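The structure appears right after this line, and notes come after that.
All figures in this text were calculated on a predicted structure; none of them were measured in a lab.
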Amino acid sequence: MFLLLALVLFIFLPSPWSVFAVLGCIVLGGLEVSYWHRRTRRQKVQTGVESIVGATGEVTDALAPSGHIRVLGELWEARSSTELPPGTQVRVVAMRGLALEVEAIDQAESTHRTPAE
């Protein structure tokens, strides 16, 4: 965008000012590229098992002990140690092949509590 602005200013401004305008636009363009480069490099990309394990989802087909859940907008085959009806909120605890091991969210919270609570 700054390159296009530099070209327009170079054409329409008088001689000494056009050079300053072009140099200014080039500097601003370089600063913008540097800013966006640093900003996009800060965020780590998560793919695969790292993004699924720990995510929450909802049971779509009853898990007795296997069925389907929707997690991160996708349908997955899932297994649970307990029978869970559709609509139950679950947390993914592991991935075995293309099937997810899940547990109900309230069940997961009760197993991670300390005795002092």
Side-chain angles (χ1 to χ4, degrees):
M1 187 68 181
F2 285 111
L3 186 57
L4 183 62
L5 179 63
L7 182 63
V8 169
L9 290 175
F10 186 72
I11 292 171
F12 290 110
L13 285 178
S15 180
W17 295 109
S18 63
V19 175
F20 292 124
V22 168
L23 290 176
C25 288
I26 289 172
V27 168
L28 287 175
L31 290 173
E32 182 181 19
V33 168
S34 169
Y35 168 77
W36 286 111
H37 178 71
R38 287 183 186 193
R39 183 166 180 187
T40 57
R41 295 293 175 191
R42 259 189 265 162
Q43 301 167 355
K44 293 236 181 211
V45 177
Q46 284 191 345
T47 59
V49 177
E50 302 90 32
S51 65
I52 290 270
V53 174
T56 59
E58 183 176 334
V59 177
T60 56
D61 294 334
L63 297 179
S66 65
H68 291 91
I69 66 168
R70 182 175 302 277
V71 63
L72 299 175
E74 300 172 345
L75 280 175
W76 284 87
E77 183 180 343
R79 294 187 192 100
S80 175
S81 58
T82 60
E83 193 169 317
L84 300 172
T88 305
Q89 294 293 316
V90 293
R91 179 174 290 115
V92 179
V93 293
M95 187 172 189
R96 309 260 188 264
L98 293 177
L100 304 176
E101 296 287 331
V102 298
E103 59 185 13
I105 287 182
D106 43 337
Q107 174 188 353
E109 290 172 355
S110 66
T111 60
H112 291 104
R113 290 190 181 146
T114 61
E117 293 181 339

I need the minimum non-hydrogen distance between [X] and [Y], along with the two atoms involved.
| X | Y | value |
| --- | --- | --- |
| I52 | V92 | O-CB, 3.5 Å |
| L72 | S51 | CD1-O, 3.5 Å |
| S80 | L63 | CB-CD1, 4.0 Å |
| E58 | V90 | N-CG2, 4.4 Å |
| L84 | V59 | O-CG1, 4.1 Å |

- Members other than Y35 in its cluster, when Ile, Leu, Val, Met, Phe, Trp, Tyr link by side-chain heavy atoms under 4.5 Å?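 Members other than Y35 - counting any ILVMFWY side chain reachable under 4.5 Å - are W36.
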- Query: side chain to side chain contact (heavy atoms under 4.5 Å, CB included) with T56: which residues, sequence neighbours excluded?
  - Reply: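 Applying side chain to side chain contact (heavy atoms under 4.5 Å, CB included) to T56 gives R91, I105.
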- Item | Partners passing side chain to side chain contact (heavy atoms under 4.5 Å, CB included) against A94 (at least two apart in sequence or in another chain) |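 In terms of side chain to side chain contact (heavy atoms under 4.5 Å, CB included), with neighbours along the sequence ignored, A94 is linked to R96, E101.
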- Query: Could you give all pairs that pass the side chain to side chain donor-acceptor pair (under 3.5 Å) test and reach residues 8-25, with sequence neighbours left out?
  - Reply: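 Non-adjacent pairs meeting side chain to side chain donor-acceptor pair (under 3.5 Å): zero.
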- Task: Scan for side chain to side chain donor-acceptor pair (under 3.5 Å) pairs involving residues 61-78, sequence neighbours excluded, and state none if there are none.
- Result: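 Every pair satisfying side chain to side chain donor-acceptor pair (under 3.5 Å) with a residue in residues 61-78: D61-H68, E74-W76.
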- Task: List for me each residue that meets side chain to side chain donor-acceptor pair (under 3.5 Å) alongside R38, sequence neighbours excluded, and say none if there are none.
- Result: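 Result, side chain to side chain donor-acceptor pair (under 3.5 Å) vs R38: none returned.
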- Message: Hydrophobic clusters here meaning ILVMFWY residues chained together by side-chain heavy-atom distances under 4.5 Å, can you tell me if V102 and V53 are in one?
- Response: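 V102 clusters together with V53.
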- Message: Using a 6.0 Å cut-off, check whether atom CG of L98 has over 12 heavy atoms from anything other than its own residue.
- Response: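 No, not enclosed.
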- Query: Can you tell me how far CD1 of I69 sits from CG of L75, rounded to the nearest 0.5 angstrom?
  - Reply: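 L75 CG to I69 CD1: 9.0 Å, rounded to 0.5 Å.
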